[in-house]
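Protein chains get the first letters and strands the later ones, always in sequence-line order, with residue 1 at the start of each.
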Amino acid sequence: MPELPEVETVVRSVAAHVTGAQITHAEVSSRRVTRGDHEKTARGLTGAIIEAVRRHGKQIFFELDSGLLYVHLGMTGKLLWNTEPGKYTRAELTLDRGVLLYDDVRQFGRFEYFREAPAFISTSGPDALSVSFEDFFSRLRERRGPIKPLLLNQRFIGGVGNIYADEALFSARIHPRAKAGRLSKQRAQELYGSILRTLKLAIEHRGSSISDYVDASGERGGYQLLHCVYGRAGEACCRCGAVIRRIVLGQRGTHYCPRCQRT
DNA sequence: TCAAATGTTTGATC
DNA sequence: GGATCAAACATTTG
């Protein structure tokens, strides 16, 4: 479900409620989102104090006074503050000042306690909002494949998902099949700037709500109204009027303007 | 009934 | 060894 702007919005709304709170009780029912050991997560969280909530790419870290809670929303995960648990509630944390739920229909997400930061965290690439152009460009040049799937690769940069990859490529006028390593420095600069601008603007609009994304307070985002290509196949390009096309690239639906975007 | 959905991991293949 | 690609995961919705 969520990409960097949605995760950032969730983190901000959750952090405002839970920073400094103590977890008095933890119910964790899903073995899937805890990768097998839901009891470990429930035990580790009980009694812990939440010192901070951070985001790296699409990953969320609740820093505790002992250990950490790692949350990845996957496709359908939600963190909800002070709402009633439902059919898809996978974890319920009772805090000294309210209740935090983890809901996840498809259970592609994760909600897991670790005493020490696990190794897989360091395999994630630099956050899309923090990576420097030099780093971005030098690693871009090593890649021979198409640019779109590379932007979705979280080891390349963290945080860009299917919506914002398509929107950023449109903004930079780059075709999703363009070879990553063949982009000129100038076009790479254009892309880098487009990624940052697109993500920051989406954060200002509190993310994109395509189907059911909501932040911790149940609020929908507004950025979907500003999408130029994502979900607009068959409609007119807002820049040139050509018909927006949808193809499948790297197993993901990919939307682009065949006239504006060059390889 | 089929296709598609804001994502990642795994295993095969180049 | 690395990059790339398809399949798998589970469920809903059109």
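Listed pair A:R143 / C:dT4 meets the phosphate criterion, a side-chain N or O lying under 4.0 Å from OP1 or OP2. At the phosphate of B:dT8, OP1 or OP2 sits under 4.0 Å from a side-chain N or O atom of A:H72. Residue A:Q154 has no polar side-chain atom (N or O) positioned under 4.0 Å from OP1 or OP2 of B:dG7. Proximity of A:K87 to the phosphate of C:dT12: a side-chain N or O atom is located under 4.0 Å from OP1 or OP2.
If you find the closest nucleotide of DNA chain C to A:Q251 and to A:E142, the one lying nearer the 5' end belongs to A:E142.
Per the geometry, CD1 belonging to A:I210 stands 16 Å off P belonging to C:dT13, to the nearest Å. The CZ atom of A:R252 sits 13 Å away from the P atom of B:dT9 (whole-angstrom rounding). Between the CG atom of A:D166 and the P atom of B:dA4 there is a distance of 15 Å, rounded to whole Å. Summarising the geometry, the separation between CG on A:L249 and C1' on B:dA5 is reported as 17 Å, rounded to the nearest angstrom. Protein atom CG of A:N153 is 9 Å distant from nucleotide atom P of C:dT4, rounded to whole Å. Rounded to whole Å, the distance from CG on A:L151 to C1' on C:dT4 is 15 Å. The distance between atom CZ of A:F156 and atom P of C:dG2, rounded to the nearest whole Å, is 17 Å. To the nearest angstrom, C1' of C:dT12 lies 15 Å from CG of A:D103.
Nucleic acid contact class of A:R246 (heavy atoms, under 4.0 Å, all strands): sugar-phosphate only.
Looking only at distances, a side-chain donor or acceptor of A:R90 sits under 3.5 Å from a matching main-chain atom of A:D104. Within the 3.5 Å criterion, the main-chain N or O of A:G47 finds a donor-acceptor partner in the side chain of A:Q22. With hydrogens and angles ignored, the 3.5 Å screen pairs a side-chain donor or acceptor of A:D166 with a backbone N or O of A:H255. Within the 3.5 Å criterion, the main-chain N or O of A:A216 finds a donor-acceptor partner in the side chain of A:S13. Judged purely by atom type and a 3.5 angstrom limit, A:T41 uses its side chain to pair as donor or acceptor with the backbone of A:Y113. Side chain of A:E6 to main chain of A:D215: no donor-acceptor pair is present (N/O by atom type, distance under 3.5 Å, no hydrogens or angles).
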Would you list the protein and nucleotides 11-14 of chain B atom pairs, both N or O, that sit under 3.5 Å from each other?
none

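For the pair A:R110 and A:Y70, the cation does not sit on the ring face, since its NZ or CZ is not both under 6.0 Å from the ring centre and inside 45° of the axis.
Under the 4.5 Å side-chain heavy-atom criterion for ILVMFWY residues, a single connected hydrophobic cluster contains both A:F133 and A:L4.
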Next on the checklist: Both atom distances under 3.5 Å, Watson-Crick or G-U wobble: I'd like the secondary structure of DNA chain B as a dot-bracket string, with | for pairs made across strands.
Outcome noted: .||||.||||||||
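Note that CG of A:L169 is 12.0 Å distant from OH of A:Y256, once rounded to the nearest 0.5 Å.
Within a heavy-atom distance below 4.0 Å of DNA chain B, the residues of residues 104-116 of chain A found are A:R106, A:F108.
Salt bridge status for A:R173 with A:E190: absent, with no side-chain N to carboxylate O gap under 4.0 Å. Ion pairing between A:R12 and A:E8 holds under the 4.0 Å rule for side-chain N and carboxylate O.
Contact of the A:F136 side chain with the A:P126 side chain is not registered, since no non-hydrogen atoms from C-beta on lie closer than 4.5 Å.
Comparing C:dA10 with B:dG11, their P atoms sit 16 Å apart, to the nearest whole Å.
Considering only the side chain of A:H255, B:dA5 comes nearest among B:dG7, C:dA10, B:dA5.
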